[in-house]
Visitor: 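The structure is given below, and queries will be raised subsequently.
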Amino acid sequence: MSLEFSPSSNIALLRESATIAVSQRAKALKAEGRAIIDLGAGEPDFDTPAFIREAGKAAIDAGHSHYTATEGILPLRAAVAEMAREYGPITSSLVAQDVVISNGSKQSLFNACFCLFGPGDEVLIPTPAWTSYYEMVQLARATPVVVMGDPANELKVTPAMLEAAATPRTRGVMLNSPCNPTGAVYSADELGELLALCHARGWWVIADEIYRRISFEHETPSALQVAPALDNLVVVDGVAKAYAMTGWRVGWSIAPRALTKAMTAFQSHATFHTASVSQYAALAALTRRGEADAAIVEMVAQYRARRDAALRVFAGVPSLPLIRPAGAFYFYFDVSAAFPGHPEAGSAFAARLLEEEGVAIVPGAAFRTPDWVRVSYASPEHDVVEGVTRAVRLWSDLKR
Ligand SMILES: Cc1ncc(COP(=O)(O)O)c(C=O)c1O
């Protein structure tokens, strides 16, 4: 008997990433020999710093090829806790037992969503937000609730906006600062007010801080610095972006002990632990602080230089609604004026930009804001400036 696949109810609502169509088309055009400037990628173009690569090689030679504990090797968990303690005073009692190491920060986000939310629960997602938040909440069979950010305030949300979207079924909030896709950063006051509301209402907060160390104006505050308490807070971070270690797959959560235990049990049945060698490489990244900081400062300086060079191009079109990014490595802008009335102006714009100008970017539909597009500047400065120049030119031409 032949059997046809029909999706289980677990994945009934699962959507393929909206970024895939553009990136597949970009690959096809490249295969045809066209020169494509790829500003779609959400990952650093830098190689992992040499001292971390060496630590990974040394871990192989030292025979670290066996299973580790589900929650990761103890010294790495201790190093994460030690860094968190520096935010005190409320973090001063954090220890390794509050930390779970995971396959990238993505798995920690998934662990938290799956262990905290379930059928009937609503989770507030300040929008635009990274595409996986909506999917993760849905895979937990909870309901993602879009809370649209204010275009007059860098598409950020306020406590009043969260309150307006809340119902008695609200169980949690996903926060991300600096934000993918906007690059917007919540100030200590803004973040503190959001966290205070969530604590007062008894909502869980999952704070995704994966871009925190890529900040241009001043240091992005951590939820650990401004939260009124830790009992409703999961802070997720990892080495992928700041340390240019995307492929190593090391992230972590810092969470209350009972939740940490549940997430460990859940992860033990899903993936077990992240690669042993990767954990030792991440250990070098977190404990050889002088070398790591120097590498991060150097990479952030390059992101800043690219951002500033591209901002000079954007300055030529002051009527283009653009968020001036204070962190991460993305520009986000509204292209609806180029396609008035189009339900997905961002997708239409990205398709035209790719076909006519050879520049790949990500449509805002991926982030539940279909009028917008995201341009990554995790690419060489020349490509970023050239790509943004072509995007701005196309927008100006279409808008007429
Ligand atoms: C906002 C956000 N969170 C988490 C991740 C996942 O990062 P990791 O490589 O640590 O799983 C990404 C990756 O693009 C991201 O943009």
Side-chain angles (χ1 to χ4, degrees), residues 17-20 23 38-46 48 52 72 76 80 99-114 123 125-137 139 144 149 155-156 173-186 205-215 220 222-223 234-254 263 267 270-271 273-275 278-279 281-282 285-286 296 303 323 325-332 361-362 364 366-369 374-379:
S17 164
T19 61
I20 283 179
S23 71
D38 190 350
L39 304 183
E43 69 167 325
D45 54 321
F46 303 110
T48 301
I52 302 173
L76 180 57
V80 170
V99 176
V100 180
I101 306 298
S102 59
N103 286 272
S105 63
K106 191 172 221 174
Q107 187 177 25
S108 282
L109 292 164
F110 192 78
N111 287 346
C113 286
F114 217 79
V123 182
I125 306 187
T127 298
W130 186 44
T131 182
S132 292
Y133 295 166
Y134 309 94
E135 303 298 333
M136 287 177 184
V137 168
L139 285 169
L155 289 170
K156 292 191 278 191
V173 181
M174 312 280 293
L175 295 181
N176 178 216
S177 173
C179 171
N180 175 11
T182 63
V185 169
Y186 284 84
V205 174
I206 300 176
D208 177 354
E209 303 193 341
I210 191 72
Y211 293 100
R212 208 177 59 80
R213 296 209 58 191
I214 305 175
S215 302
T220 296
S222 167
V234 185
V235 171
V236 173
D237 201 347
V239 291
K241 311 287 178 172
Y243 299 84
M245 292 179 70
T246 43
W248 297 81
R249 309 310 301 135
V250 181
W252 56 81
S253 57
I254 301 172
M263 292 194 293
Q267 182 172 299
T271 59
H273 60 80
T274 196
S278 294
Q279 293 188 58
L286 296 200
I296 292 172
Y303 293 132
I323 291 167
F329 34 64
Y330 306 111
F331 288 112
Y332 210 51
I361 61 172
V362 178
F367 315 101
R368 303 276 172 117
T369 36
R374 188 192 79 178
V375 167
S376 164
Y377 48 95
S379 289

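Just so it is clear, the values below take in all heavy atoms, side chains as well, and ignore hydrogens, waters and symmetry mates. Each ligand, and each atom within it, is numbered from 1 in the order the structure gives. Counting from 1, the numbers follow the sequence of the chain as shown.
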Visitor: With a cut-off of under 6.0 Å to the ring centre and 45° to the axis, is Arg374 in cation-pi contact with Phe367?
Guide: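 No, Arg374 and Phe367 do not form such a contact.
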Visitor: So if I count the atoms of ligand 1 from 1 in the order they appear, which ones are less than 4.0 Å from some heavy atom of Gly104?
Guide: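 This gives 10 (O), 11 (O) as the contact atoms.
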Visitor: Tyr211 and ring pair (Phe, Tyr, Trp, His ring centres under 6.0 Å): which single residue from Trp130, Tyr330, Tyr303 fits?
Guide: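 Among Trp130, Tyr330, Tyr303, the one that satisfies the ring pair (Phe, Tyr, Trp, His ring centres under 6.0 Å) with Tyr211 is Tyr330.
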Visitor: Non-hydrogen atoms of Asn176 versus ligand 1: any pair closer than 4.0 Å?
Guide: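 So Asn176 counts as touching ligand 1.
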Visitor: Nearest non-hydrogen contact with atom 6 (C) of ligand 1 belongs to which option: Gly251, Ser105, Ala129, Gly238?
Guide: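 Closest candidate by heavy-atom distance is Ser105.
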Visitor: Please give me the minimum heavy-atom distance between Pro178 and Ile214, naming the atom from each residue.
Guide: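 That would be CG-O, 3.9 Å.
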Visitor: Tell me whether Asn103 has any N or O atom under 3.5 angstrom from an N or O of ligand 1.
Guide: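 No, Asn103 has no N/O under 3.5 Å of an N/O on ligand 1.
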Visitor: Using side-chain heavy atoms (C-beta onward) and a distance below 4.5 Å, is Tyr133 in contact with Asn176?
Guide: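 Answer yes - side chains close enough.
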Visitor: Can you name the closest pair of heavy atoms from Gln267 and His273 and give their distance?
Guide: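 Heavy-atom minimum between the residues: NE2-CA, 4.2 Å.
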Visitor: Select one of side chain, backbone, both or neither to describe which atoms of Arg249 lie under 4.0 Å from any atom of ligand 1, heavy atoms only.
Guide: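 It is the side chain that gets close, since no backbone atom is under 4.0 Å.
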Visitor: Could you tell me which non-hydrogen atom of Thr220 sits nearest to which non-hydrogen atom of Arg212, and how far apart they are?
Guide: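 Closest approach of Thr220 to Arg212: O-NH1, 2.9 Å.
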Visitor: Evaluate Tyr133 for polar contact with ligand 1, using N/O atom pairs at a separation under 3.5 Å.
Guide: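 Between Tyr133 and ligand 1 (N or O atoms, distance only) the closest approach is not under 3.5 Å.
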Visitor: Taking only heavy atoms of Lys241, which atoms of ligand 1 are found under 4.0 Å from at least one of them?
Guide: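 Answer for ligand 1: 12 (C), 13 (C), 14 (O).
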Visitor: Any side-chain heavy atom of Cys179 within less than 4.5 Å of one from Lys156?
Guide: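 Heavy-atom side-chain distance check fails, nothing below 4.5 Å.
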Visitor: Atom 2 (C) of ligand 1: which of Asp208, Val236, Asn180 has the nearest heavy atom?
Guide: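 Nearest option to atom 2 (C) of ligand 1, by heavy atoms: Asp208.
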Visitor: Is it true that Glu43 lies under 4.0 Å from ligand 1, counting heavy atoms only?
Guide: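 Heavy atoms of Glu43 never come under 4.0 Å of ligand 1.
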Visitor: Note the single closest protein heavy atom to atom 12 (C) of ligand 1, along with its residue, its atom name and the distance in Å.
Guide: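 Protein heavy atom at minimum distance: Trp130 CZ2, 3.5 Å.
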